[in-house]
Amino acid sequence: MSDSGLRSSGIDLVGDVPWGTHLCQFYETARDLTDLLVPYFKAGLESNEFCMWVTSDPLTAEAATAALTAEVPDLAERIAADQMVIIPHSEWYMLDGYFDMDRVFAGWIGKLEDALAAGFEGLRATGNTAWLEDRDWDDFTQYEETLNNIIGGYRMMAICTYSLGLCGAREIIDVVVNHQFALIKREGKWEIIEGSERRKAREDLAMYKQLADSTSEAIAVTDSEMRLTYVNEAYSRLLGADRDSLLGRRPRDFAMTDQAVEQAVPEIDGAFASGGSWTGEIEVMRSDGACVPVLASIATLYDTSSARAGTVGVFRDIAERKAAEEEQARLVHELDAYARGVSHDLRGPLASALLANTCLADSCGEMELAELREEVLECTGHVRTNLERAFTLARDLLALAQSGQRPDSIEDVDVAALVDEIVAERSIEIAEAGVEVEVAEDLGAVRANRTQIYQLFSNVIRNAIMHNDCDNPVVRVERIASAAGSHAFRVSDNGSGIPEESLEKIFRPFYRSGESSDTGLGLSIARKVAETYGGDIRAYNENGACFEFTLKGMEPEPSEP
């Protein structure tokens, strides 16, 4: 039998059924009984179920044993192992010569408990009612109604057999009402007659399943032992597994991380034991081994007798939400760092400019004209230098903010031409540093915003020029191999390299190495641009400092009609 949570009935017309199935058969001959009950019990024995056949005329216990042995050759061994019991009705329904509903109920529950304790999956039974007399009919009808109401809460299934020759119209109606469906032979073929409650339940179930499968929320139903009996398509997608491979299994055994089992399972079991519900965040494990954070809401389900029958759980994938929360926390931390850096870096030049202005004002009243001219020039030089520093910082902050934004303008950027432009603009700085800049001929083209790509290359190249401490400094710009759909570049120098402790820090905003006087935002801008284009940037040492970065081409977002 598959792990689907259903049991094979052995009857082709009926197919697979869940525990709690309660049906009836109207028969005319002993052959009618064996036609359905022999395959019914054969399937139960093969599925490791405890089976019990209570017989009555026209099929005796001996005849039933012979018919079943023909299909189950090892029946005698199974009987000896207490897996199969075949007894006449007098030894079950009519002990002491009368029918006692409470005694029979207690007998079935006792047989089920013994079967489960012995390692069997559950109880499969049938009972023939040909022994019923008119005086017993009402009591037995009440017994059948009660059994039909409570059997859904147990690992049991039952077929009650009724002789058509002994049933009038009233009896047939009573029987059909008290069973989920009835089997009857018409023109030599067995047919199913559904009771009105079962038909409505089936229609309602089909509607609920359609609703469940149309929602994006993952939904799972378990029995009282926490085994899955139903999952919708979203739950199957969440775990990356086929529905049939999930049914019949306990999620805690395969779909929950050790931490979730340790922390959440006791709370979930406690909620079920008290008939309540539980809500919390847990991690579920997909079939591919990936862990997914979910928000789980699990509530207790009850059967018609108000007994706890299982649970229904709704699970929402919150991976994107968690990632957004983490990104938000990172941005808040980054913003705090920016604020602290801006405050620190702006206070310095502005305080110097203010001090220079104060000195200038004081000098105006104390000095002769010639002395005043020299003092004015010195003070205004200080003011200009520090205001330029403040301006540069504000410009770089704006560039950093814009570098992480999706651009409006996209074009094919010729990278070699752009690098040549950067080198030409920095020609004085390059000449003063005595740096030789080598640019590879073929750098390709990137579908991007030209200003952002300019910021990336300009800041990385400027960093290489500023920090190359070789006697004969060389900076190289080249294209390197990359994965399909990506562009990869390297900017390297032949200096002493980057201190190991700085390799991971240099992309942080306001980080400066050595005695650098820049704003410490250039490499942060470069990283932001790379990330905006689906890539990254890394620094390492290999005969000097090396920066490698990747980019993916970007298409503009379609304009709204």
Side-chain angles (χ1 to χ4, degrees), residues 1-2 4 6-47 49 51-73 75 84 86 89 124-132 137 140-141 144 147-148 151 156-206:
M1 192 193 71
S2 71
S4 64
L6 299 177
R7 317 298 295 181
S8 170
S9 71
I11 304 170
D12 292 340
L13 182 63
V14 176
D16 293 343
V17 296
W19 287 120
T21 295
H22 183 217
L23 56 93
C24 66
Q25 176 194 12
F26 289 106
Y27 69 89
E28 293 182 293
T29 67
R31 177 63 182 272
D32 289 345
L33 289 169
T34 57
D35 279 352
L36 298 188
L37 297 180
V38 166
Y40 170 72
F41 281 117
K42 180 182 179 183
L45 293 171
E46 291 174 348
S47 299
E49 298 171 12
C51 299
M52 188 164 172
W53 191 342
V54 182
T55 66
S56 184
D57 289 336
L59 188 68
T60 65
E62 292 76 12
T65 301
L68 187 55
T69 300
E71 293 297 323
V72 184
L75 181 65
M84 182 80 214
I86 303 177
H89 73 279
R124 181 177 298 226
T126 188
N128 194 346
T129 60
W131 53 271
L132 277 172
W137 183 260
F140 198 82
T141 299
E144 287 279 52
L147 178 62
N148 195 54
I151 193 172
M156 298 172 59
M157 69 176 68
I159 296 179
C160 302
T161 57
Y162 292 83
S163 171
L164 271 176
L166 299 177
C167 293
R170 174 212 166 192
E171 288 79 13
I172 290 176
I173 292 173
D174 286 345
V175 170
V176 172
V177 166
N178 288 326
H179 293 82
Q180 295 166 2
F181 56 89
L183 297 168
I184 189 169
K185 184 180 281 188
R186 291 177 178 171
E187 298 179 357
K189 293 183 178 180
W190 289 102
E191 296 180 3
I192 289 180
I193 301 174
E194 289 187 323
S196 58
E197 287 188 12
R198 176 179 170 82
R199 184 166 54 253
K200 183 178 185 305
R202 179 171 56 79
E203 292 171 353
D204 288 346
L205 181 61

Student: Testing the basics here: between F41 and M84, what is the closest heavy-atom pair and its distance to 0.1 Å?
Tutor: CD2-CE, 4.0 Å
Student: May I ask you to decide if I159's main-chain N or O and T126's side chain share a donor-acceptor pair within less than 3.5 Å?
Tutor: yes
Student: How long is the gap from CH2 on W19 to CD on E49, to the nearest 0.5 Å?
Tutor: 3.5 Å
Student: Between L6 and D16, which heavy-atom pair has the shortest distance, and what is it?
Tutor: CB-CB, 3.9 Å
Student: With side chain to side chain contact (heavy atoms under 4.5 Å, CB included) as the criterion, how do L59 and T161 come out once you've worked through the C-alpha distance, each side chain's angles and the decisive distance to 0.1 Å?
Tutor: CA-CA 11 Å; L59 188 68; T161 57; over 6 Å; no
Student: For the side chain of S9 and the backbone of I11, is there at least one donor-acceptor N/O pair under 3.5 Å apart?
Tutor: yes
Student: Do any N or O atoms from the side chain of R124 and from the backbone of A43 form a donor-acceptor pair under 3.5 angstrom?
Tutor: no
Student: Among N128, T34, D32, D35, find the residue that satisfies the side-chain hydrogen bond (donor to acceptor under 3.5 Å, both in side chains) test when tested with Y27.
Tutor: N128
Student: Nearest 0.5 Å, what's the CG-NZ distance between L13 and K189?
Tutor: 11.5 Å
Student: Between atom CG of L36 and atom NZ of K185, what is the distance when rounded to the nearest 0.5 Å?
Tutor: 8.0 Å
Student: Would you give the length of the straight line joining atom CD1 of I184 to atom CD of E28, rounded to the nearest 0.5 angstrom?
Tutor: 8.0 Å
Student: Looking only at heavy atoms, what is the nearest atom pair of L166 and A130, with distance?
Tutor: CD1-O, 3.8 Å
Student: Write down the atom of C51, the atom of G44, and the distance for their closest heavy-atom approach.
Tutor: SG-C, 3.9 Å
Student: More than 12 heavy atoms of other residues, nucleotides or ligands under 6.0 Å from CD of E191: is that the case?
Tutor: yes
Student: Would you compute the distance between atom CD1 of I192 and atom CG of L23 and round it to the nearest 0.5 angstrom?
Tutor: 8.5 Å
Student: Specify the closest pair of heavy atoms between T60 and T55, including all atoms of both residues, with the distance to one decimal.
Tutor: C-OG1, 3.8 Å
Student: Looking only at heavy atoms, what is the nearest atom pair of Q25 and L33, with distance?
Tutor: OE1-CD2, 3.7 Å
Student: Could you tell me the separation between the CZ atom of F140 and the CH2 atom of W131, rounded to the nearest 0.5 Å?
Tutor: 5.0 Å
